[in-house]
Amino acid sequence: MLDTKKVGSVMIVGGGVTGMQAALDLADSGYYVYLVEKSGAIGGAMAQLDKTFPTNDCSM
Amino acid sequence: MTLSEVVKVDGVAGNFSVTVKESPRYVDMEKCIACGACSEKCPKKVDSEYDAGTGKRKAIYVKYAQAVPLKYQIDAASCIRLQKPGACGFCEKVCDAGAINFDDKEKVHLINVGAVVLAPGFEVFDPKPAGVWGYGVHKNVITSLQLERYLSASGPTEGHLIRPSDGKAVNKVAFLQCVGSRDENLCGNGYCSSVCCMYAIKEAVIAKDHVPGLHTSIFYMDMRTHGKEFDQYLERAKEDAGVRFVRCRIAGVETDGESGDLRLRYVNENGRQIEEFYDMVVLSVGLQTPKHVLELAHTLDIKLTADNFAATSDFAPVQTSREGIYTCGAIAGPKDIPQSVVEGSAAAAAVADLLAPVRHELTSVATFPEEKDISQEEPRIGVFICHCGSNIAGVVDVKAVEEYAATLPDVVYVERNLFSCSQDTQEMIVKRIREQDLNRIVIAACTPRTHEPLFRETLKAAGLNEYLVEMANIRNHNSWVHSKDPQAATAKAKDLVRMAAAKVTFGDSLKPISVPITQKGLVIGGGVAGMTSALNLAKQGFEVHLVEKTDTLGGNALNLKHTWAGEHVPTQVAKLIDKVIWNDRIIIHKECVVTAVDGFVGNFRSTVTGKDGIAKVIEHGAGVVAIGGDAYIPSEYNYNSITRVVTAVQFDKLFELKEKHVKQAKRFVFIQCVGSRESDHMYCSKVCCTHSVQSAIALKKENPERNVYILYRDMRTYAQREALFKQARKLGVIFINYELHGKPKVTEVGNDIQVEVWDHVLHRPLQIAADMVILATAIRPKEDAADLGKLYKVPVDANGFFQEAHAKLRPVDFSTDGMFVAGLAHYPKPVEESVAQALAASARAATLLSKTQVSLDAVKATVDETYCDGCALCVDVCPYNAISLIEKGPAGADGKRAIQVNKAQCKGCGLCQGTCPKRGVYVSGFTMKQISAQIQAALAV
Amino acid sequence: MSFEPKIVAFCCNWCSYAAADLAGTARMQYPHNVRIIRVMCSGMVHPEFVMDALSQGADGVMVLG
């Protein structure tokens, strides 16, 4: 374990708000990120919501 | 990578080899320009997953209008051509870009990564198989997700609320809570989904906005609105919006003959059988882990909980049972958007801890040729007009626009492109800029909001300043919205090109502002959140200063014994303190408080003063506020006069010490919401329900003969905590509901404590004789929170907790760049949520600290000293406190003043420009001259 | 010929300009008389711009933010 060469890249499985946040933070702090999404586009469940509490902002 | 799934993960933490299967899209992503011609021609319609089956999509489709990537895909299972070679193929014929590829094949990628983060999300419970409340039989019984689509302007009915059965306008809607949650008989999901109460209220409120006079009723067991500002929203929904809340169990939903109306039967709070009629019934469906995720968990060999969520520790909430694999979001338990976002960042922090030594090893910085100085040159404008396939050229006479553009002043070169954004056109534009010696560019294409960054890069590649480009939006604002009037669209396109050319003529080379960063962190507060945050930053390789007001580390966690999942808190906290003390990158300042702050993102200077009055100045690039909260000291329920009325924290100590009164006592009454969810403190303290239930279980386990009562308003054992609630009931703990207007009364009668409460089952007051009464007291913000907030220019909310930048999407950031919040300082929360937020704060801080400098957009306010006379009107309007007034000239000289803009704080909104009566300040890239030129050009025909 | 007004609209990059983009994506049809000027915030719109537009022949000015 100690002599395992570490790799500076990360794979994120899932492109919803959570996965995207993790991807952005990692990419912004110096890691190469692979974002793997099962469907044809990222966005996840939040993109389906019309508006969100508390400000009733549009979820896009 | 879209349409992709992980099939295998080999290797160890730090060095995994992941096999990813990419399904064919049948559309070339490089070529597809998302014009939609294919979808228009596609003859095959199927139910849209995105619209939760309320609308239709074609076999070739984009998931939704704003999808990223905005590229079409073919659903092989429903595509006529892919099912039967030789048939159909319309899409291929109409695609101008030649993007359709029916021969696309599945690809398998082998990818080497250091860590894996699982964020696969949830699926909503499908009530169809069990036919819950007639779903799937009665058309007007829909799920909450379907209602979400009906209410959406982009949904199947464009936001009109109509009945699926007959299209009749809806006047009465009922929401039934806990469908697929808290119910092991019907759906097998015993846990609470956490989010449904809140989304049902939101949907009811929004539905009422859509349909004036709409009657909405929410039928529920416990109203679980435990999140930040949720209770306030609940009260507003009741009082202002008039949403009706009914606490009951529904007995049945039936159709009323042919009309499509639905008959609801239930027993109300007075024990009466009630029948009501509704146009529509909405099932508030819960969240669950999808089958493919369970399979993934199995392949990856990570442990799951009994409720089928990823198993994690409360002190490492994003770490799975396999090292190097992390989780975030709903895979580790049902949760709402802000908590999911927090965990996303938290997972990033955990990964950065593991991979700290190899940061920046695989990332690269793009290099560009040296920039040409054009300040002495006459404008030479090049105009590039995009056809966007047929999107623009199909409506606008692009040739006429091209000819017209050539006649504009200073335009020396015009060209049309099929797709200006394509890679080859980019290269061609670079070539033309050099060849034609162009020094200003107009791109007449789509919207600058998505494509300006791309064209700025193009200019940079050509050695031209990136701000010398202006886009004319002749697609979104023209060809798409005037497609029925090509003549007018062509005329408007000419206008838009003329306006863009006029603006860019007065464009200047702008330099992005670069600010150096002090790569050190400051964490205020030495509780679990503060220590976690500091430790993570230190392990990521940054020096951290940890400031603690008292003389001990540990904070409120020192009062806790067990987390909800049963982990021993003192052991974990001791471990954490040890790690913090022995980490040589953490500098601890005990008995110290922050007394003064100077600077801004990347360059803060905080003055930390000790009890001895000695002040130190700490330079840091980012800061985390984790000052915790306080326990509310009650005055109600005769707490001050009856000794055996104690707070939960006191009870825990007595119980732990096996104090004889507790040991011998037989009758215990817990009273919930003491100081929470009322008048001036309209928020839920989130942890008390679970805590009382745990204590009750412990009491019952120790001696089953004991009588234990919990008097509650709504039992908020959210998410997987529901199992504890169930266990407590099984052990015979008696739960009695009370309402705010009928609070229990506690008096001392001889040796007994008398507790009087209204019994909702028996419908009469109930007297309980008790040996001990335990008050579940609220969590309050720290008294000095607002003062600290003022120092860092970060706000606190009406309750005194720190206010994050965005309730949903920026739950750990402050609106002031470089400052972050974690733990109880933000809102009451249990340990694992504090830890997650603390890790998230570190991840967010690390996005700054990992860089030596920040580059900021050049669109910033700039002072024109010729005109600025220091009237300071702009100082007050600046929402970012970026403007200050300075003395001009030598000190003591006849005080001529002017303003100064701190470019690091300025966001370029231009409120100053709009306010200044003397043209003393302008926003680069949007100067008075540029906008005036645009106005003039818009009206010059 | 019927009267065709000329409208100048100042749109905030973050909301109304984005909304106008979305109107396009949704293929909504609206009168072609509006000329949109993108600003970084509607607060950037100096009163002078409104006067400018009106004095140069605009029949209406919209500030959307």
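Because the structure is a prediction, the values reported are computed rather than measured. Proteins come first, then strands; the chains are lettered A, B, ... in the order of their sequence lines, and each starts at number 1.
- Of all heavy-atom pairs between B:E5 and A:V36, the closest is N-CG1, 4.1 Å.
- Put simply, of B:V293, B:V62, B:N15, B:D51, the one with the most heavy-atom pairs under 4.5 Å next to chain A is B:N15.
- We find the CZ-NZ distance between B:R359 and A:K6 to be 12.5 Å, quoted to the nearest 0.5 Å.
- Among the candidates B:D336, B:L147, B:I111, the residue making the largest number of heavy-atom pairs closer than 4.5 Å to chain A is B:I111.
- Between B:R844 atom CZ and A:L24 atom CG the span is 8.0 Å, to the nearest 0.5 Å.
- By the 4.5 Å heavy-atom criterion applied to side chains, A:M46 and B:L809 are counted as neighbours.
- For A:Y34, the part sitting under 4.5 Å from any heavy atom of chain B is the side chain, from C-beta outward, and nothing else.
- The two residues B:Y64 and A:G43 make their nearest non-hydrogen contact at OH-CA, 3.5 Å.
- Interatomic distance, CD of B:E22 versus NZ of A:K38, reported as 14.0 Å (0.5 Å rounding).
- Closest approach of B:T847 and A:S29 over heavy atoms only: CA-CB, 4.0 Å.
- Taking all atoms of both residues into account, the shortest heavy-atom contact from A:A22 to B:A348 is O-CB, 3.9 Å.
- Put simply, of A:L35, A:D28, A:V33, the one with the most heavy-atom pairs under 4.5 Å next to chain B is A:D28.
- Neither the backbone nor the side chain of B:F16 comes within contact range of chain A; no heavy atom of the residue lies under 4.5 Å from a heavy atom of that chain.
- For the options B:N112, B:L118, B:V342, heavy-atom pairs under 4.5 Å to chain A are most numerous at B:N112.
- Among the candidates B:G121, B:G11, B:C328, the residue making the largest number of heavy-atom pairs closer than 4.5 Å to chain A is B:C328.
- For B:K71 (side chain) and A:G40 (main-chain N/O), no donor-acceptor pair under 3.5 Å exists by modelled atom type.
- From A:L49, atom CG reaches atom CD1 of B:I337 across 5.5 Å, with rounding to the nearest 0.5 Å.
- Of the possible polar contacts, one joining the B:Y50 side chain to the A:A47 backbone as a donor-acceptor pair under 3.5 Å is found.
- Contacts with chain B were tallied for A:I42, A:I12, A:L26, A:V13; A:V13 has the most, counting heavy-atom pairs under 4.5 Å.
- Residues B:V113 and A:V10 have side chains not in contact (no heavy-atom distance under 4.5 Å, counting atoms from C-beta outward).
- Top candidate by heavy-atom pairs under 4.5 Å with chain A, chosen from B:D75, B:V9, B:L296, B:V116, is B:V116.
- Between atom CG of residue B:L355 and atom OG of residue A:S9 there is a gap of 8.0 Å, rounded to the nearest 0.5 Å.
- Looking only at side-chain heavy atoms (C-beta outward), A:M11 and B:V20 come within less than 4.5 Å of each other.
- With rounding to the nearest 0.5 Å, the separation of CD in B:E49 from OG in A:S39 is 9.0 Å.
- Taking each heavy atom of B:E361 and A:K5 in turn, the nearest pair found is OE1-NZ, 3.5 Å.
- Looking at B:I201, there are no atoms closer than 4.5 Å to chain A (heavy atoms on both sides), in backbone or side chain.
- Chain A forms more heavy-atom pairs under 4.5 Å with one residue of B:G227, B:A352, B:P357 than with any other, namely B:A352.
- Heavy atoms of B:S850 lying under 4.5 Å from chain A belong exclusively to its side chain.
- Residue B:P69 comes nearest to A:A41 through the heavy atom pair CD-CA, 4.1 Å, listed as atom of the first residue, atom of the second, then distance.
- With a 4.5 angstrom heavy-atom cutoff, B:V18 touches chain A only via side-chain atoms.
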